[in-house]
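Worksheet: the structure to be examined is printed underneath.
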2 protein chains.
Amino acid sequence: MEEYKVIFEKFLQKNGLRLTPSRMSALEAVFATHDHFDVEALYDTLRRRGLRASRATLYRTIHLLVASGLVRQVPIQGETTRYEHIWGHPRHLHLVCTECGALLEDELGAAEQALLETGMRHGWRVNEIAVSLRGVCPKCGKEANDVRA
Amino acid sequence: MEEYKVIFEKFLQKNGLRLTPSRMSALEAVFATHDHFDVEALYDTLRRRGLRASRATLYRTIHLLVASGLVRQVPIQGETTRYEHIWGHPRHLHLVCTECGALLEDELGAAEQALLETGMRHGWRVNEIAVSLRGVCPKCGKEANDVRA
DNA sequence: CTCGTTGCAAAATGTTTGCAATGTA
DNA sequence: TACATTGCAAACATTTTGCAACGAG
(Lines give C-alpha, C1' and ligand atoms only; values in the text may rest on other atoms or scores of the structure.)
Protein backbone atom coordinates (compact mmCIF):
# COMPACT_ATOMS: atom_id res chain seq x y z
CA MET A 1 0.00 0.00 0.00
CA GLU A 2 1.44 3.26 -1.04
CA GLU A 3 2.27 5.68 1.72
CA TYR A 4 -0.02 8.43 0.47
CA LYS A 5 -2.99 6.10 0.55
CA VAL A 6 -2.33 5.32 4.17
CA ILE A 7 -2.08 8.99 4.94
CA PHE A 8 -5.34 9.77 3.21
CA GLU A 9 -7.13 6.88 4.88
CA LYS A 10 -5.99 7.98 8.30
CA PHE A 11 -7.09 11.50 7.50
CA LEU A 12 -10.55 10.30 6.52
CA GLN A 13 -10.94 8.13 9.58
CA LYS A 14 -9.79 10.84 11.92
CA ASN A 15 -12.51 13.09 10.51
CA GLY A 16 -15.32 10.58 10.39
CA LEU A 17 -15.25 10.49 6.61
CA ARG A 18 -15.54 7.43 4.41
CA LEU A 19 -13.21 5.85 1.94
CA THR A 20 -15.07 5.57 -1.34
CA PRO A 21 -14.15 4.47 -4.85
CA SER A 22 -14.43 8.04 -6.13
CA ARG A 23 -12.04 9.34 -3.56
CA MET A 24 -9.59 6.54 -4.12
CA SER A 25 -9.69 7.06 -7.88
CA ALA A 26 -9.05 10.76 -7.51
CA LEU A 27 -6.20 10.13 -5.10
CA GLU A 28 -4.51 7.71 -7.47
CA ALA A 29 -4.93 9.99 -10.46
CA VAL A 30 -3.42 12.88 -8.53
CA PHE A 31 -0.36 10.88 -7.60
CA ALA A 32 0.05 9.31 -11.02
CA THR A 33 1.73 12.47 -12.27
CA HIS A 34 4.03 15.16 -10.99
CA ASP A 35 2.40 17.79 -13.17
CA HIS A 36 0.12 20.59 -12.13
CA PHE A 37 -3.54 20.01 -12.81
CA ASP A 38 -6.92 21.59 -12.36
CA VAL A 39 -10.15 19.83 -11.51
CA GLU A 40 -11.13 19.62 -15.16
CA ALA A 41 -7.90 17.81 -16.00
CA LEU A 42 -8.46 15.48 -13.11
CA TYR A 43 -11.92 14.78 -14.45
CA ASP A 44 -10.49 13.95 -17.87
CA THR A 45 -7.84 11.72 -16.41
CA LEU A 46 -10.42 9.65 -14.60
CA ARG A 47 -12.59 9.30 -17.68
CA ARG A 48 -9.60 8.25 -19.74
CA ARG A 49 -9.01 5.52 -17.21
CA GLY A 50 -12.57 4.37 -17.48
CA LEU A 51 -13.30 5.56 -13.95
CA ARG A 52 -16.02 7.94 -13.08
CA ALA A 53 -16.73 10.70 -10.60
CA SER A 54 -18.72 13.83 -11.18
CA ARG A 55 -17.05 17.20 -11.26
CA ALA A 56 -18.91 18.05 -8.07
CA THR A 57 -17.36 15.10 -6.32
CA LEU A 58 -13.91 15.98 -7.59
CA TYR A 59 -14.25 19.53 -6.37
CA ARG A 60 -15.29 18.16 -3.01
CA THR A 61 -12.47 15.63 -3.00
CA ILE A 62 -9.71 18.03 -3.93
CA HIS A 63 -10.59 20.07 -0.85
CA LEU A 64 -10.11 16.99 1.25
CA LEU A 65 -6.78 16.25 -0.35
CA VAL A 66 -5.62 19.76 0.40
CA ALA A 67 -6.89 19.53 3.96
CA SER A 68 -5.05 16.26 4.41
CA GLY A 69 -1.81 17.94 3.44
CA LEU A 70 -1.19 15.65 0.47
CA VAL A 71 -1.98 18.29 -2.12
CA ARG A 72 -1.59 22.01 -2.34
CA GLN A 73 -2.71 24.80 -4.61
CA VAL A 74 -0.06 25.98 -7.01
CA PRO A 75 0.65 29.59 -6.07
CA ILE A 76 0.54 30.87 -9.62
CA GLN A 77 -1.92 33.17 -11.26
CA GLY A 78 -4.15 31.60 -13.86
CA GLU A 79 -7.69 31.11 -15.01
CA THR A 80 -8.40 28.01 -13.01
CA THR A 81 -7.16 26.86 -9.65
CA ARG A 82 -4.33 24.44 -10.15
CA TYR A 83 -3.01 21.83 -7.77
CA GLU A 84 -0.02 19.56 -7.31
CA HIS A 85 0.68 16.77 -4.89
CA ILE A 86 3.17 17.38 -2.15
CA TRP A 87 4.03 13.92 -0.89
CA GLY A 88 7.47 12.94 -2.14
CA HIS A 89 7.73 16.36 -3.68
CA PRO A 90 10.24 18.48 -1.80
CA ARG A 91 9.68 22.18 -1.31
CA HIS A 92 10.48 23.84 -4.56
CA LEU A 93 10.14 27.04 -6.49
CA HIS A 94 8.52 27.83 -9.79
CA LEU A 95 10.03 29.89 -12.55
CA VAL A 96 7.24 31.33 -14.66
CA CYS A 97 7.75 32.98 -18.02
CA THR A 98 5.38 35.91 -18.39
CA GLU A 99 5.77 35.78 -22.17
CA CYS A 100 5.11 32.17 -23.13
CA GLY A 101 3.90 30.70 -19.87
CA ALA A 102 6.78 28.27 -19.66
CA LEU A 103 7.19 26.77 -16.23
CA LEU A 104 10.29 25.36 -14.64
CA GLU A 105 10.82 23.89 -11.22
CA ASP A 106 13.87 23.92 -9.04
CA GLU A 107 14.87 23.42 -5.46
CA LEU A 108 14.64 26.24 -2.96
CA GLY A 109 18.22 25.76 -1.89
CA ALA A 110 19.73 28.33 0.40
CA ALA A 111 16.59 30.44 0.36
CA GLU A 112 14.65 27.83 2.32
CA GLN A 113 16.50 28.30 5.57
CA ALA A 114 16.29 32.08 5.33
CA LEU A 115 12.55 31.96 4.74
CA LEU A 116 11.89 29.55 7.57
CA GLU A 117 13.76 31.85 9.88
CA THR A 118 11.65 34.77 8.81
CA GLY A 119 8.53 32.82 9.63
CA MET A 120 9.90 31.78 12.96
CA ARG A 121 10.85 35.33 13.82
CA HIS A 122 7.17 36.24 13.54
CA GLY A 123 6.08 33.28 15.60
CA TRP A 124 4.48 31.40 12.72
CA ARG A 125 4.46 27.66 12.30
CA VAL A 126 5.27 27.48 8.59
CA ASN A 127 3.78 24.51 6.78
CA GLU A 128 4.37 25.51 3.23
CA ILE A 129 6.72 27.69 1.27
CA ALA A 130 5.51 28.92 -2.08
CA VAL A 131 7.95 30.75 -4.26
CA SER A 132 7.52 31.86 -7.81
CA LEU A 133 9.92 33.87 -9.85
CA ARG A 134 8.20 35.63 -12.70
CA GLY A 135 10.22 36.85 -15.61
CA VAL A 136 11.32 36.05 -19.12
CA CYS A 137 12.72 32.68 -20.07
CA PRO A 138 15.84 32.42 -22.24
CA LYS A 139 13.79 31.48 -25.29
CA CYS A 140 11.62 34.60 -25.03
CA GLY A 141 14.44 37.12 -24.68
CA LYS A 142 12.36 39.34 -26.93
CA GLU A 143 9.79 42.05 -26.42
CA ALA A 144 6.16 41.98 -25.42
CA ASN A 145 3.46 41.87 -28.04
CA ASP A 146 0.10 43.55 -28.12
CA VAL A 147 -1.26 44.61 -24.81
CA ARG A 148 -4.92 45.11 -25.53
CA ALA A 149 -7.59 42.72 -24.43
CA MET B 1 3.42 64.76 -11.32
CA GLU B 2 3.83 61.49 -9.48
CA GLU B 3 6.27 59.07 -10.95
CA TYR B 4 3.75 56.28 -11.40
CA LYS B 5 1.52 58.53 -13.48
CA VAL B 6 4.37 59.27 -15.84
CA ILE B 7 5.10 55.58 -16.14
CA PHE B 8 1.50 54.76 -16.93
CA GLU B 9 1.21 57.57 -19.45
CA LYS B 10 4.30 56.44 -21.29
CA PHE B 11 2.98 52.93 -21.27
CA LEU B 12 -0.29 54.03 -22.81
CA GLN B 13 1.37 56.14 -25.48
CA LYS B 14 3.78 53.42 -26.43
CA ASN B 15 0.84 51.14 -27.05
CA GLY B 16 -1.43 53.55 -28.85
CA LEU B 17 -3.84 53.69 -25.93
CA ARG B 18 -5.51 56.78 -24.55
CA LEU B 19 -5.34 58.47 -21.19
CA THR B 20 -8.89 58.74 -19.92
CA PRO B 21 -10.49 59.95 -16.70
CA SER B 22 -11.52 56.39 -15.80
CA ARG B 23 -8.01 55.12 -16.17
CA MET B 24 -6.53 57.99 -14.22
CA SER B 25 -9.05 57.54 -11.43
CA ALA B 26 -8.28 53.86 -11.17
CA LEU B 27 -4.56 54.52 -11.14
CA GLU B 28 -4.84 57.02 -8.33
CA ALA B 29 -7.07 54.79 -6.29
CA VAL B 30 -4.66 51.91 -6.66
CA PHE B 31 -1.74 53.97 -5.43
CA ALA B 32 -3.68 55.61 -2.63
CA THR B 33 -3.20 52.52 -0.50
CA HIS B 34 -0.61 49.85 0.15
CA ASP B 35 -3.24 47.24 0.79
CA HIS B 36 -4.27 44.36 -1.38
CA PHE B 37 -7.49 44.84 -3.26
CA ASP B 38 -9.74 43.15 -5.75
CA VAL B 39 -11.67 44.80 -8.55
CA GLU B 40 -14.79 45.05 -6.44
CA ALA B 41 -12.90 46.97 -3.75
CA LEU B 42 -11.45 49.24 -6.37
CA TYR B 43 -14.96 49.87 -7.65
CA ASP B 44 -16.12 50.79 -4.16
CA THR B 45 -13.18 53.08 -3.60
CA LEU B 46 -13.95 55.04 -6.72
CA ARG B 47 -17.62 55.40 -5.83
CA ARG B 48 -16.70 56.55 -2.35
CA ARG B 49 -14.63 59.27 -3.96
CA GLY B 50 -17.51 60.32 -6.13
CA LEU B 51 -15.77 59.03 -9.22
CA ARG B 52 -17.24 56.55 -11.56
CA ALA B 53 -16.14 53.73 -13.81
CA SER B 54 -18.01 50.54 -14.55
CA ARG B 55 -16.78 47.25 -13.31
CA ALA B 56 -16.10 46.28 -16.92
CA THR B 57 -13.79 49.24 -17.33
CA LEU B 58 -12.01 48.50 -14.11
CA TYR B 59 -11.42 44.92 -15.13
CA ARG B 60 -10.02 46.21 -18.40
CA THR B 61 -7.91 48.82 -16.65
CA ILE B 62 -6.40 46.52 -14.09
CA HIS B 63 -5.04 44.39 -16.92
CA LEU B 64 -3.31 47.45 -18.31
CA LEU B 65 -1.86 48.29 -14.95
CA VAL B 66 -0.45 44.82 -14.64
CA ALA B 67 0.92 44.94 -18.18
CA SER B 68 2.58 48.25 -17.41
CA GLY B 69 4.41 46.68 -14.51
CA LEU B 70 2.92 49.04 -11.95
CA VAL B 71 0.66 46.44 -10.40
CA ARG B 72 0.84 42.72 -9.86
CA GLN B 73 -1.47 39.97 -8.79
CA VAL B 74 -0.99 38.90 -5.23
CA PRO B 75 0.24 35.31 -5.37
CA ILE B 76 -2.12 34.05 -2.72
CA GLN B 77 -5.02 31.68 -2.95
CA GLY B 78 -8.39 33.27 -2.42
CA GLU B 79 -11.86 33.68 -3.80
CA THR B 80 -11.21 36.68 -5.96
CA THR B 81 -8.11 37.84 -7.78
CA ARG B 82 -6.31 40.37 -5.67
CA TYR B 83 -3.77 42.97 -6.68
CA GLU B 84 -1.23 45.30 -5.16
CA HIS B 85 0.87 48.06 -6.63
CA ILE B 86 4.56 47.47 -7.05
CA TRP B 87 6.01 50.93 -7.55
CA GLY B 88 7.73 52.04 -4.37
CA HIS B 89 6.95 48.68 -2.87
CA PRO B 90 10.09 46.63 -2.40
CA ARG B 91 10.10 42.93 -3.03
CA HIS B 92 8.54 41.30 -0.06
CA LEU B 93 7.06 38.11 1.20
CA HIS B 94 3.66 37.26 2.58
CA LEU B 95 2.94 35.23 5.67
CA VAL B 96 -0.50 33.72 5.38
CA CYS B 97 -2.36 32.07 8.24
CA THR B 98 -4.33 29.10 6.95
CA GLU B 99 -6.55 29.24 10.01
CA CYS B 100 -7.74 32.82 10.28
CA GLY B 101 -6.50 34.26 7.02
CA ALA B 102 -4.25 36.76 8.74
CA LEU B 103 -1.67 38.28 6.47
CA LEU B 104 1.68 39.76 7.34
CA GLU B 105 4.33 41.25 5.11
CA ASP B 106 8.06 41.29 5.56
CA GLU B 107 11.21 41.81 3.55
CA LEU B 108 12.75 38.98 1.62
CA GLY B 109 16.10 39.54 3.22
CA ALA B 110 18.79 36.99 2.59
CA ALA B 111 16.49 34.85 0.51
CA GLU B 112 16.34 37.42 -2.26
CA GLN B 113 19.88 36.99 -3.44
CA ALA B 114 19.63 33.22 -3.36
CA LEU B 115 16.47 33.28 -5.44
CA LEU B 116 17.84 35.69 -8.00
CA GLU B 117 20.83 33.44 -8.44
CA THR B 118 18.59 30.48 -9.06
CA GLY B 119 16.80 32.40 -11.80
CA MET B 120 20.04 33.48 -13.34
CA ARG B 121 21.37 29.96 -13.33
CA HIS B 122 18.46 29.00 -15.58
CA GLY B 123 18.99 31.96 -17.85
CA TRP B 124 15.84 33.79 -16.79
CA ARG B 125 15.50 37.51 -16.49
CA VAL B 126 13.60 37.68 -13.20
CA ASN B 127 11.23 40.62 -12.87
CA GLU B 128 9.30 39.60 -9.85
CA ILE B 129 9.75 37.44 -6.80
CA ALA B 130 6.62 36.18 -5.13
CA VAL B 131 6.98 34.37 -1.84
CA SER B 132 4.30 33.23 0.49
CA LEU B 133 4.75 31.26 3.64
CA ARG B 134 1.59 29.46 4.60
CA GLY B 135 1.15 28.25 8.13
CA VAL B 136 -0.39 29.07 11.46
CA CYS B 137 -0.03 32.45 13.07
CA PRO B 138 0.82 32.79 16.78
CA LYS B 139 -2.75 33.68 17.66
CA CYS B 140 -4.13 30.52 16.07
CA GLY B 141 -1.75 28.08 17.73
CA LYS B 142 -4.69 25.75 18.08
CA GLU B 143 -6.10 22.88 16.10
CA ALA B 144 -8.08 22.79 12.89
CA ASN B 145 -11.84 22.66 13.01
CA ASP B 146 -14.26 20.78 10.85
CA VAL B 147 -12.96 19.68 7.52
CA ARG B 148 -16.15 18.96 5.66
CA ALA B 149 -17.57 21.23 3.00
C1' DC C 1 -12.66 62.87 -38.10
C1' DT C 2 -10.78 58.42 -36.66
C1' DC C 3 -10.33 55.02 -33.70
C1' DG C 4 -9.92 53.84 -28.99
C1' DT C 5 -13.07 53.71 -24.80
C1' DT C 6 -17.13 53.17 -21.98
C1' DG C 7 -21.31 51.16 -19.90
C1' DC C 8 -24.70 47.91 -20.06
C1' DA C 9 -26.43 43.69 -20.26
C1' DA C 10 -25.66 39.13 -21.76
C1' DA C 11 -22.48 35.39 -21.89
C1' DA C 12 -18.88 32.56 -20.32
C1' DT C 13 -16.22 30.40 -16.63
C1' DG C 14 -15.20 28.08 -12.62
C1' DT C 15 -16.95 26.46 -8.30
C1' DT C 16 -20.46 25.54 -4.82
C1' DT C 17 -24.74 23.65 -3.09
C1' DG C 18 -29.66 21.52 -2.27
C1' DC C 19 -31.72 17.31 -2.64
C1' DA C 20 -33.10 12.59 -3.42
C1' DA C 21 -30.95 8.24 -4.30
C1' DT C 22 -27.09 5.29 -3.04
C1' DG C 23 -23.26 3.18 -0.54
C1' DT C 24 -20.05 2.54 3.40
C1' DA C 25 -18.89 1.29 8.05
C1' DT D 1 -29.28 0.81 10.07
C1' DA D 2 -27.38 5.45 10.42
C1' DC D 3 -25.23 8.71 8.27
C1' DA D 4 -21.78 10.05 4.82
C1' DT D 5 -21.46 10.43 -0.26
C1' DT D 6 -22.77 10.98 -5.04
C1' DG D 7 -24.66 13.01 -9.30
C1' DC D 8 -27.46 16.21 -11.26
C1' DA D 9 -28.97 20.48 -12.09
C1' DA D 10 -29.60 24.91 -10.40
C1' DA D 11 -27.36 28.57 -8.13
C1' DC D 12 -23.37 31.58 -7.54
C1' DA D 13 -19.54 34.59 -8.06
C1' DT D 14 -16.26 36.48 -10.93
C1' DT D 15 -14.59 37.99 -15.18
C1' DT D 16 -15.12 38.66 -20.19
C1' DT D 17 -17.31 40.39 -24.31
C1' DG D 18 -20.60 42.37 -28.12
C1' DC D 19 -22.39 46.46 -29.31
C1' DA D 20 -23.96 51.19 -29.80
C1' DA D 21 -22.97 55.67 -27.91
C1' DC D 22 -19.23 58.60 -26.62
C1' DG D 23 -14.70 60.92 -26.30
C1' DA D 24 -9.58 61.79 -26.83
C1' DG D 25 -5.97 63.03 -29.94
Side-chain angles (χ1 to χ4, degrees), chain A residues 5 8-27 29-30 36-47 50-68 71-74 76-83 146-149, chain B residues 5 8-27 29-30 36-47 50-68 71-74 76-83 146-149:
Chain A
K5 289 188 184 175
F8 192 47
E9 246 183 277
K10 279 187 187 164
F11 169 82
L12 292 176
Q13 288 184 344
K14 180 163 53 177
N15 290 285
L17 303 176
R18 293 173 183 171
L19 180 57
T20 66
S22 293
R23 286 174 179 165
M24 190 48 91
S25 301
L27 177 65
V30 165
H36 299 166
F37 61 91
D38 56 19
V39 172
E40 190 61 26
L42 185 55
Y43 181 74
D44 290 342
T45 300
L46 287 195
R47 305 215 103 215
L51 302 169
R52 53 258 215 21
S54 68
R55 267 173 263 258
T57 295
L58 293 182
Y59 273 107
R60 287 187 272 231
T61 302
I62 199 72
H63 290 318
L64 295 178
L65 290 172
V66 170
S68 75
V71 168
R72 70 160 185 170
Q73 286 192 207
V74 177
I76 288 181
Q77 101 305 351
E79 332 65 45
T80 68
T81 308
R82 301 229 297 281
Y83 303 87
D146 192 11
V147 161
R148 276 154 279 198
Chain B
K5 289 187 183 176
F8 193 46
E9 246 182 277
K10 281 188 186 163
F11 169 82
L12 291 176
Q13 288 185 344
K14 181 162 55 177
N15 290 284
L17 303 176
R18 293 173 182 169
L19 180 56
T20 66
S22 292
R23 286 174 179 165
M24 190 49 91
S25 301
L27 177 64
V30 164
H36 299 165
F37 62 91
D38 57 19
V39 173
E40 191 60 25
L42 184 55
Y43 180 75
D44 291 342
T45 300
L46 287 195
R47 307 215 105 214
L51 303 169
R52 55 259 217 22
S54 67
R55 266 172 262 258
T57 294
L58 293 181
Y59 274 108
R60 288 187 272 231
T61 301
I62 199 74
H63 290 319
L64 295 178
L65 289 173
V66 170
S68 74
V71 168
R72 70 161 187 170
Q73 284 192 208
V74 177
I76 287 179
Q77 100 305 352
E79 334 64 44
T80 69
T81 309
R82 301 229 297 280
Y83 302 88
D146 193 9
V147 161
R148 276 154 280 197

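Letters go in sequence order (proteins before strands), and every chain restarts at 1. Scope of the values below: all heavy atoms of this structure, side chains included, with no hydrogens, waters or symmetry mates.
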As a test of reading the structure: which of C:dC8, D:dG25, D:dA9 is closest to the side chain of B:L19, going by heavy atoms?
D:dG25

Is B:D38 reaching over with its side chain to a backbone N or O of B:E40, donor-acceptor style, under 3.5 angstrom?
yes

Nearest nucleotide by nearest heavy atom, which residue falls closer to the 5' end of DNA chain D, A:S54 or B:E40?
A:S54

Between atom CZ in A:R55 and atom P in C:dG14, what is the gap in whole Å?
10 Å

D:dT15 phosphate, OP1 or OP2, under 4.0 Å from B:Y59 side-chain N/O
yes

Whole-Å distance separating the OH atom of A:Y43 from the P atom of C:dT15:
15 Å

Whole angstrom value for the distance that separates P of D:dT6 from CD1 of A:I62:
14 Å

Step by step, work out the side chain to side chain contact (heavy atoms under 4.5 Å, CB included) result for B:L27 and B:M24.
CA-CA 5 Å; B:L27 177 64; B:M24 190 49 91; 4.0 Å; yes

The nucleotide from D:dG25, D:dT5, D:dG7 with an atom nearest the side chain of A:R18 is D:dT5

Value in whole Å for how far the P atom of D:dG7 lies from CZ of A:R52:
8 Å

Begin from the C-alpha positions of A:L65 and A:F11 and carry the test side chain to side chain contact (heavy atoms under 4.5 Å, CB included) through to its verdict.
CA-CA 9 Å; A:L65 290 172; A:F11 169 82; over 6 Å; no

Determine: side-chain N/O of B:T80 to OP1/OP2 of D:dT14, distance under 4.0 Å, yes or no.
no

With side chain to side chain contact (heavy atoms under 4.5 Å, CB included) as the criterion, how do A:I62 and A:F37 come out once you've worked through the C-alpha distance, each side chain's angles and the decisive distance to 0.1 Å?
CA-CA 11 Å; A:I62 199 72; A:F37 61 91; 3.8 Å; yes

Of the listed D:dG7, D:dT5, C:dT15, the closest approach to the A:R23 side chain comes from D:dT5

Between the base of D:dG7 and the side chain of A:R60, is there any donor-acceptor pair under 3.5 Å?
yes

Upstream residue (5' side of DNA chain D) when B:Y83 and A:T20 are each assigned their closest nucleotide:
A:T20

N or O in side chain of A:H63 less than 4.0 angstrom from C:dT15 OP1/OP2
no

Can you tell me how far C1' of D:dT5 sits from CZ of A:F8, to the nearest Å?
12 Å

Do the side chain of A:R23 and the main chain of A:R18 share a donor and acceptor less than 3.5 angstrom apart?
yes

For D:dT15, does OP1 or OP2 lie under 4.0 Å from any side-chain N or O of B:T81?
yes

I need the CZ-P distance between A:R47 and D:dG7, as an integer number of Å.
11 Å

When the distance from CE of B:M24 to C1' of C:dT5 is rounded to whole Å, what number comes out?
15 Å

For the side chain of A:S22, starting at C-beta, report the closest nucleotide among C:dA25, D:dG7, D:dG25.
D:dG7

Rounded to the nearest angstrom, tell me the gap between atom CG in A:L64 and atom P in D:dA4.
13 Å

